[in-house]
There are 2 protein chains.
Amino acid sequence: MEPVPTSHGARRANTIRDVARHAGVGVGTVSRVLNGGERVSAETLDRVQAAIRELGYRPSAAARALSRGVASAIGVTAPHLTSPSVVARLRGVVDTLGNNSYDIGLATVETASQRERRMKQVCQRDHLNGLIVISLHPTAEERRQLIEAELPVVFLDVAPEGFPSVDIDNTAGGRIATEHLLEFGHTALGFIGDLPEPEFEFTSSARRLTGFLDACAAAGIGQNLDWIVRVAHAREAAAVGAETMLRGAKRPTAIFAASDTQALGVLDAARRLGLSVPGDLSVMGFDDLEFAELVGLSTVHQPLVESGRCAADLLLSRMSGDGTPQDDDHVVLPLHLEPRGTTGPPPARSTHTPAGKRGDRPTGHHE
Amino acid sequence: MEPVPTSHGARRANTIRDVARHAGVGVGTVSRVLNGGERVSAETLDRVQAAIRELGYRPSAAARALSRGVASAIGVTAPHLTSPSVVARLRGVVDTLGNNSYDIGLATVETASQRERRMKQVCQRDHLNGLIVISLHPTAEERRQLIEAELPVVFLDVAPEGFPSVDIDNTAGGRIATEHLLEFGHTALGFIGDLPEPEFEFTSSARRLTGFLDACAAAGIGQNLDWIVRVAHAREAAAVGAETMLRGAKRPTAIFAASDTQALGVLDAARRLGLSVPGDLSVMGFDDLEFAELVGLSTVHQPLVESGRCAADLLLSRMSGDGTPQDDDHVVLPLHLEPRGTTGPPPARSTHTPAGKRGDRPTGHHE
DNA sequence: TTGTACGCGTTATCAA
DNA sequence: TTGATAACGCGTACAA
């Protein structure tokens with residue numbers, strides 16, 4: 001029992017071998033006791049457990065992982081946890097994974113170097129059994145690495161080709177939001193969304209814009225390009241953008257913000273300009289974050305927490321599954337309109353009857 | 001280079017030995033190349049790196065951890081991620097740790113069995129280099145295990161004796177909130193906080209209540225026991241509690257809610273009863289969550305994100321530090337009043353002069 | 001500067 | 001049911 005100095009300098013901790021010796025059994029027996037005490041006589045079981053207790057033995061996770069040739073952890077990569085939607089998704093992931101006795105290796109990445117380093121870690125063998133990537137577009141290089149590592153991975157909130165993913169139909173969501181405004185009779189619509197990201201063809205925000213444009217086109221409504229504003233994803237940036245939009249000689253009677261956060265900025269702008277909502281200006285958000293209800297914001301609901309659960313389930317099935325690795329399997333979650341207090345008819349000038357049923361396409365231009 | 005079947009059945013991945021053979025060098029050299037290419041001739045370095053690339057070699061995290069005798073991960077244990085304050089703290093932790101190339105092992109625990117399982121994981125050797133526990137009171141058994149595991153640990157938002165911790169002075173916070181109300185001249189004060197937890201002597205909420213009582217006593221104000229309500233930590237529960245309090249024949253002119261979430265419930269109650277805020281009723285929160293500003297809630301600000309950073313820093317210093325393990329080191333972070341729109345003078349009846357100075361200790365202890 | 005051999009703590013196999 | 005022993009892949013003395 002005396003401490004044995006090792007090359008590491010620290011006092012050596014008791015190993016399974018010490019336990020075996022102490023209990024007068026073989027290491028194999030101890031191992032069996034440790035992992036589901038099958039096939040061990042009650043008497044030896046007692047002896048071994050006593051030895052474990054007396055020696056304060058704690059198994060080595062590293063050795064176990066090495067021997068088994070695989071870890072028991074799932075990685076989760078996400079952007080910085082400032083975005084409420086990322087947090088909500090993470091919550092769903094953790095919910096599901098936490099009940100499956102996996103370790104969860106969380107990494108938030110912001111800078112490119114963090115991201116690269118993280119990929120190195122992620123792709124190590126015996127480190128992770130699976131990976132969930134939240135709201136991060138994989139670069140070509142990253143895709144290559146992931147495939148090479150043969151790591152089961154599920155993307156959440158993005159849907160790169162060739163990988164399983166859980167996502168929503170952002171274009172349809174943009175349409176839903178816009179149609180809601182159109183049904184109130186708005187014909188002067190503005191849009192505020194995220195900056196386009198040069199490296200990636202489509203972001204959620206860009207898709208929502210597409211839906212917006214689609215719906216406008218379908219309604220035969222022309223577009224004022226000054227009313228399509230793309231700014232950094234932040235409340236204040238959106239406020240500034242909205243303010244300039246609303247200061248123009250002509251101004252929109254409704255603004256669709258591609259996220260609730262940005263909608264908040266639009267509300268700020270309206271307040272600063274003394275515009276009443278929804279009297280002078282209707283404001284539509286997207287996401288249905290928790291504060292949306294608090295503020296009474298009309299928005300499009302997307303199932304954030306559930307999306308996390310869904311991604312985790314998908315990953316687990318991928319990991320245990322026999323299925324061919326890495327074919328794609330794109331889950332698209334449903335959206336729905338959540339009308340609240342920030343949307344209503346336009347200020348009255350051309351007073352349209354709020355359209356009864358939708359689906360009836362307006363017949364033409366409205367002036 | 002042909003695939004070699006192993007006892008595990010899977011195709012064997014390339015090891016450091018394969019790389020060495022492929023490059024015509026020894027494993028030691030490869031190892032040196034891997035960990036900071038010192039003491040390697042430029043030519044062999046090239047050869048080795050080429051071999052690594054050609055073989056698609058990826059090091060085994062498990063083997064490395066085993067050989068090194070230590071992992072490179074820090075565990076974070078927290079309650080379910082529904083509470084905004086927990087998330088904010090986590091954000092701070094992840095911020096700091098993410099820049100130190102540690103893996104972050106996140107586990108949320110809700111049920112007792114989850115908690116027990118987590119402790120098992122946490123206490124394995126070679127699994128974690130350190131642990132941060134957020135908003136979870138350790139049981140006696142858990143404390144024992146942690147000490148035995150000699151695992152550097154920092155508690156956040158709780159301050160158990162014998163462990164380092166980062167916390168705030170909840171009693172002082174309760175006083176700050178209450179004094180703010182007293183200075184407006186309120187003399188009829190209500191309190192809404194969490195249910196007491198039988199297993200632990202003091203929760204944050206209980207301490208805030210103590211501060212509330214202290215301040216009232218110092219101001220010579222008697223207590224109406226019907227106005228001290230303790231309910232589950234949830235908006236709706238607080239609303240119900242506040243409603244019954246406000247329905248009484250006599251009712252308080254101000255309520256201090258021990259958390260912003262509960263303050264939201266109090267505001268709900270006021271709305272339902274047609275009470276204007278702060279005209280008829282002043283409402284005071286605690287925490288300064290993000291929505292507090294949104295709602296214009298007067299509250300006590302505590303540095304949530306920063307507390308996470310602080311805990312992470314403390315843990316890192318503990319881990320690298322020579323210091324004796326597990327002595328305690330209780331960091332207490334500062335609070336400040338954040339007065340906003342939900343507090344004001346009482347409805348006019350007894351108009352007190354705003355109390356002058358604080359700091360004069362009341363003449364006796366109040367429990 | 002490079003190569004060799006051993007140890008890390010566990011699991012799995014197989015003979016007893 | 002049990003015990004002995006061979007992997008597992010990497011780090012690291014130590015010898016060359």
Side-chain angles (χ1 to χ4, degrees), chain A residues 4-48 51-52 55-72 124-127, chain B residues 4-48 51-52 55-72 121 123-127:
Chain A
V4 179
T6 87
S7 56
H8 298 70
R11 204 179 67 246
R12 220 201 76 217
N14 286 322
T15 74
I16 198 173
R17 205 142 9 213
D18 299 322
V19 175
R21 205 175 309 134
H22 193 86
V25 302
V27 290
T29 306
V30 178
S31 178
R32 262 165 276 146
V33 169
L34 255 31
N35 320 327
E38 319 288 349
R39 278 175 237 198
V40 185
S41 75
E43 191 223 353
T44 36
L45 185 105
D46 278 355
R47 265 220 318 279
V48 170
I52 289 177
L55 264 47
Y57 165 76
R58 294 170 299 125
S60 154
R64 174 171 290 170
L66 175 58
S67 192
R68 282 217 176 107
V70 52
S72 60
Q124 282 186 96
R125 271 176 316 135
D126 310 340
H127 190 53
Chain B
V4 179
T6 90
S7 55
H8 298 71
R11 204 178 67 247
R12 221 200 75 217
N14 285 322
T15 76
I16 197 173
R17 207 146 2 216
D18 299 321
V19 175
R21 205 176 309 135
H22 193 86
V25 302
V27 290
T29 307
V30 179
S31 179
R32 262 165 274 146
V33 169
L34 255 29
N35 319 326
E38 320 288 349
R39 280 174 236 196
V40 184
S41 74
E43 190 225 353
T44 36
L45 186 105
D46 279 354
R47 263 219 319 280
V48 170
I52 289 177
L55 265 46
Y57 166 76
R58 295 170 295 127
S60 154
R64 176 172 291 170
L66 175 58
S67 192
R68 283 217 178 104
V70 41
S72 61
Q121 290 181 350
C123 288
Q124 283 186 90
R125 271 176 318 135
D126 310 341
H127 189 55

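Protein chains get the first letters and strands the later ones, always in sequence-line order, with residue 1 at the start of each.
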* Asked: Could you state the CG-P distance from A:Leu45 to D:dG3, rounded to the nearest angstrom?
  -> 13 Å
* Residue pair B:Ser41, B:Leu45: steps toward the side chain to side chain contact (heavy atoms under 4.5 Å, CB included) verdict -> CA-CA 6 Å; B:Ser41 74; B:Leu45 186 105; over 6 Å; no
* Asked: Tell me, do B:Val48 and B:Tyr57 make a side-chain contact under 4.5 Å, heavy atoms counted?
  -> no
* Roughly, in whole Å, what's the span from CZ in A:Arg32 to C1' in C:dT10? -> 14 Å
* With respect to the phosphate group of D:dT2, does any side-chain polar atom (N or O) of A:Ser41 fall under 4.0 Å of OP1 or OP2? -> yes
* Structure fact -> Rounded to whole Å, the NE2-C1' distance (B:His127 to C:dC8) equals 18 Å
* Asked: Between D:dT12, D:dT1, C:dT10, which one does the side chain of B:Val27 approach most closely?
  -> D:dT12
* Asked: Has B:Arg17 got a side-chain N or O lying under 4.0 Å from the OP1 or OP2 atom of D:dG9?
  -> no
* Protein-nucleotide distance (A:Asp18, atom CG; C:dG9, atom P), rounded to Å -> 8 Å
* Rounded to the nearest Å, what distance is computed from the CG atom of residue A:Asn35 to the C1' atom of nucleotide C:dT10? -> 9 Å
* Asked: Which residue lies toward the 5' end of DNA chain C, B:Ala42 or A:Val30, if each is placed at its nearest nucleotide?
  -> B:Ala42
* Ignoring the backbone of A:Ser67, work out which of D:dC8, D:dG11, D:dT1 is nearest its side chain. => D:dC8
* Structure fact -> When rounded to whole Å, the NE2 to P distance for the pair A:His22 and D:dG3 reads 15 Å
* To do: Under 4.0 Å between any heavy atoms, over every strand shown, what does B:Val25 touch: base, sugar-phosphate, or nothing? Just pick one.
  => sugar-phosphate
* D:dG3 phosphate, OP1 or OP2, under 4.0 Å from A:Thr29 side-chain N/O -> yes
* Euclidean distance, atom CD1 of residue B:Ile16 to atom P of C:dC6 [Å, nearest integer] -> 18 Å
* Asked: Where the side chain of B:Asp18 meets the backbone of B:Thr15, is there a donor-acceptor pair that is under 3.5 Å apart?
  -> yes
* Ignoring hydrogens and angles, tell me if any N or O in the side chain of A:Asn14 forms a donor-acceptor pair with the backbone of A:Leu55 under 3.5 Å. => yes
* Asked: Over how many whole Å does the gap from B:Leu66 atom CG to C:dT10 atom C1' extend?
  -> 8 Å
* Asked: Checking all strands, does B:Ser31 fall into the base, sugar-phosphate, or nothing category for heavy-atom contacts under 4.0 angstrom?
  -> base
* Residue of the set B:Asn35, B:Val27, B:Val33 for which side chain to side chain contact (heavy atoms under 4.5 Å, CB included) holds with B:Ser31 -> B:Asn35
* Return no unless some side-chain N or O of B:Thr15 is found under 4.0 Å from OP1 or OP2 of D:dC8. => no
* Structure fact -> Of the listed C:dT2, C:dT10, D:dT2, the closest approach to the B:Val40 side chain comes from C:dT2
* Asked: Can you find an N or O donor on one side and an acceptor on the other, under 3.5 Å apart, linking the side chain of A:Arg58 with the base of C:dG9?
  -> no
* Counting just side-chain N and O atoms, does A:Arg125 come under 4.0 Å of either OP1 or OP2 of D:dC10? -> yes
